[in-house]
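Here's the structure we're looking at; comments come further down.
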Amino acid sequence: MAARANDQVTDAAAERPRAAVIFNPTKSGLDELRDAVARAERLQEFAPSLWLETAVDDPGNGMAREALAAGVDLVIAVGGDGTVRAVAAALRDTGMPLGLVPLGTGNLFARNLGVPVNDQFDAVVLAFSGLDRAVDVLVADLTRPDGSVESHVSLVMSGIGIDATMIANTNPDLKRRVGWLAYVDAGLRAIPASKPFRLVHRMDGGRPHRSRVSSMLIANLGYLPGNLELIPEAELDDGHLDVVRLQPRNAWGWLFIWRKVAWENRVLAKSALGRQLIDLTGGNRRREIVYARGRSVELSIEGEPQEVEIDGEEFGVVTAARFAVDPAALIVRVER
């Protein structure tokens with residue numbers, strides 16, 4: 001009789017859905033995380049989760065593949081945009097739902113999805129019980145100076161030029177202490193020393209254009225920390241990527257870019273009166289910041305190779321790159 005009862009308990013557990021939690025063991029608050037996951041498992045009638053640690057040489061891709069092989073029903077990425085990107089690369093085009101528990105510096109992907117970034121338990125509950133939403137993934141093919149090509153995915157934003165230099169120069173100790181504000185410090189140091197460069201780019205295989213830029217950004221979303229809206233019309237599930245060229249000629253140009261993303265895009269563009277004011281002041285005719293939208297963009301750098309970053313992580317230097325959108329390739333858990 002006891003053996004039959006134990007078999008029934010085992011069978012019941014096997015019938016319940018199961019999640020995999022991919023986490024960085026060096027992060028603080030892991031005990032609280034385990035408690036939050038256990039509570040969510042009980043609330044949502046999940047079996048005990050599979051816990052997988054990231055490694056120095058693998059921030060989550062291999063662990064996500066292990067989770068897929070284990071046959072779980074949900075994968076939860078615990079960490080910042082880098083961890084999420086690594087996990088998403090393995091889950092792309094699999095249909096496996098991805099839950100997010102933000103523990104990083106910017107957490108831009110989570111913020112743009114409305115995932116709680118300051119309440120770990122709410123984020124865990126959302127990961128277990130939220131609505132499945134299909135979002136786009138950007139695929140970046142990077143050409144190195146030796147001619148080799150590497151393929152990576154991007155969920156947030158990639159950049160070539162001064163933004164990548166800024167990422168590379170961010171003080172890691174300051175980043176741990178003050179979070180995304182450390183990028184402001186790096187930017188203030190990088191802008192005065194930045195040198196524009198020339199590149200040739202074309203959207204969707206069309207006519208090539210030559211530009212002199214300080215930075216070229218390829219984005220899947222438009223909102224940044226600090227109430228900055230880089231691309232007002234960007235959507236995670238519109239089947240397009242957004243390209244932004246930053247091409248200021250001097251310090252006044254940088255001030256205009258700041259006004260554009262902090263005031264015009266964020267405030268004025270939200271109302272008809274504000275849009276009229278932008279037109280009257282010539283904001284839409286300025287060329288310091290230029291927007292384009294499509295399904296792919298190819299670019300070739302003239303002169304010295306340039307730094308590149310993907311989702312806030314430095315990726316060395318490139319001589320050319322191609323970015324393409326993979327529409328609705330990733331399933332993420334969001335609020336109902």
Side-chain angles (χ1 to χ4, degrees), residues 10-104 107 109-110 113 115 120-121 123-140 150-156 310-313 315 326 328-334:
T10 302
D11 291 342
E15 292 173 358
R16 287 183 289 166
R18 189 185 189 199
V21 180
I22 299 174
F23 68 102
N24 185 334
T26 65
K27 294 288 186 181
S28 60
L30 292 180
D31 289 339
E32 292 83 354
L33 174 67
R34 289 185 180 274
D35 290 341
V37 169
R39 290 169 62 189
E41 289 167 350
R42 292 192 295 270
L43 287 171
Q44 301 302 321
E45 298 183 343
F46 268 62
S49 297
L50 172 66
W51 289 77
L52 299 170
E53 295 183 1
T54 62
V56 174
D57 59 349
D58 186 346
N61 187 284
M63 297 76 198
R65 295 185 186 280
E66 184 178 342
L68 289 171
V72 300
D73 303 279
L74 166 69
V75 174
I76 300 174
V78 181
D81 289 311
T83 301
V84 174
R85 185 187 62 80
V87 173
L91 300 188
R92 173 186 163 211
D93 293 325
T94 66
M96 175 65 68
L98 172 64
L100 308 175
V101 179
L103 287 182
N107 301 310
F109 191 58
L113 287 168
V115 175
Q120 188 179 91
F121 180 67
V124 169
V125 171
L126 178 60
F128 276 91
S129 62
L131 181 71
D132 287 348
R133 176 184 175 186
V135 300
D136 304 333
V137 172
L138 304 187
V139 180
E150 299 174 6
S151 185
H152 302 276
V153 302
S154 170
L155 303 177
V156 179
I310 298 178
D311 294 0
E313 292 185 71
F315 270 76
D326 188 0
L330 183 68
I331 308 298
V332 290
R333 287 281 167 91
V334 298

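- Rounding to the nearest 0.5 Å places CG of Asn24 at 10.0 Å from CE of Met63.
- When the salt bridge (Lys or Arg N to Asp or Glu O under 4.0 Å) test is applied to Asp58, no partner is found at least two apart in sequence or on another chain.
- Closest approach of Ala88 and Leu330 over heavy atoms only: CB-CD2, 3.8 Å.
- Under the side-chain contact (heavy atoms from CB on, under 4.5 Å) criterion, Glu150 pairs with Arg144, His152, sequence neighbours left out.
- Between Leu52 and Leu50 the shortest side-chain heavy-atom distance falls below 4.5 Å.
- Between Pro48 and Arg16, the shortest heavy-atom distance links the atoms CD-NH2, 4.2 Å.
- You'll find the side chain of Leu68 reaches within 4.5 Å of the side chain of Met96, heavy atoms only.
- Residues in residues 42-51 take part in no salt bridge (Lys or Arg N to Asp or Glu O under 4.0 Å) pair, two or more places apart or across chains.
- The heavy-atom pair separating Pro102 from Ala110 by the smallest distance is CG-CB, 3.6 Å.
- Pairs of residues two or more places apart, or lying in two chains, that qualify as side-chain hydrogen bond (donor to acceptor under 3.5 Å, both in side chains) and include a residue from residues 66-92 are Arg92-Asp326.
- When side chains are defined from C-beta on, Leu126 does not count as touching Val334, because their heavy atoms never get closer than 4.5 Å.
- The CG atom of Leu98 lies 10.0 Å from the CD1 atom of Ile331; values are rounded to the nearest 0.5 Å.
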- side chain to side chain contact (heavy atoms under 4.5 Å, CB included) between Val137 and Val135, intermediate numbers included: CA-CA 7 Å; Val137 172; Val135 300; 5.5 Å; no
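- Listed by chain and number, the residues in a ring-ring contact (aromatic ring centres under 6.0 Å, His included) with Phe109 amount to none (sequence neighbours excluded).
- Residues Phe121 and Glu32 form no side-chain contact, since every pair of their non-hydrogen atoms from C-beta on lies 4.5 Å or further apart.
- When all heavy atoms of Gly80 and Asn107 are compared, the closest pair comes out as CA-OD1, 3.8 Å.
- Here the side chain of Gln120 pairs a donor or acceptor atom with the backbone of Leu33 at under 3.5 angstrom.
- Counting only heavy atoms from C-beta outward, the side chains of Val84 and Leu100 approach each other to under 4.5 Å.
- Every residue two or more places apart in sequence or in another chain that forms a side-chain contact (heavy atoms from CB on, under 4.5 Å) with Ala64 is listed here: Ile22, Val87, Ala90, Leu91.
- Proximity of Arg39 to Val124: side-chain heavy atoms (C-beta onward) are nowhere separated by under 4.5 Å.
- Across Gln44, Arg333, Arg18, a single residue satisfies side chain to side chain contact (heavy atoms under 4.5 Å, CB included) together with Leu74, and that is Arg333.
- A heavy-atom distance below 4.5 Å is not found between the side chains of Leu138 and Leu155.
- Smallest separation of non-hydrogen atoms from Ala127 and Gly99: CB-CA, 3.8 Å.
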- Under the side chain to side chain contact (heavy atoms under 4.5 Å, CB included) rule, what do Thr54 and Phe23 come out as? Steps first, then yes or no, please. CA-CA 6 Å; Thr54 62; Phe23 68 102; over 6 Å; no
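- Once rounded to the nearest 0.5 Å, the distance linking OG of Ser154 with CD1 of Ile310 reads 6.0 Å.
- Counting heavy atoms from C-beta outward, Ser49 and Phe128 have side chains that approach closer than 4.5 Å.
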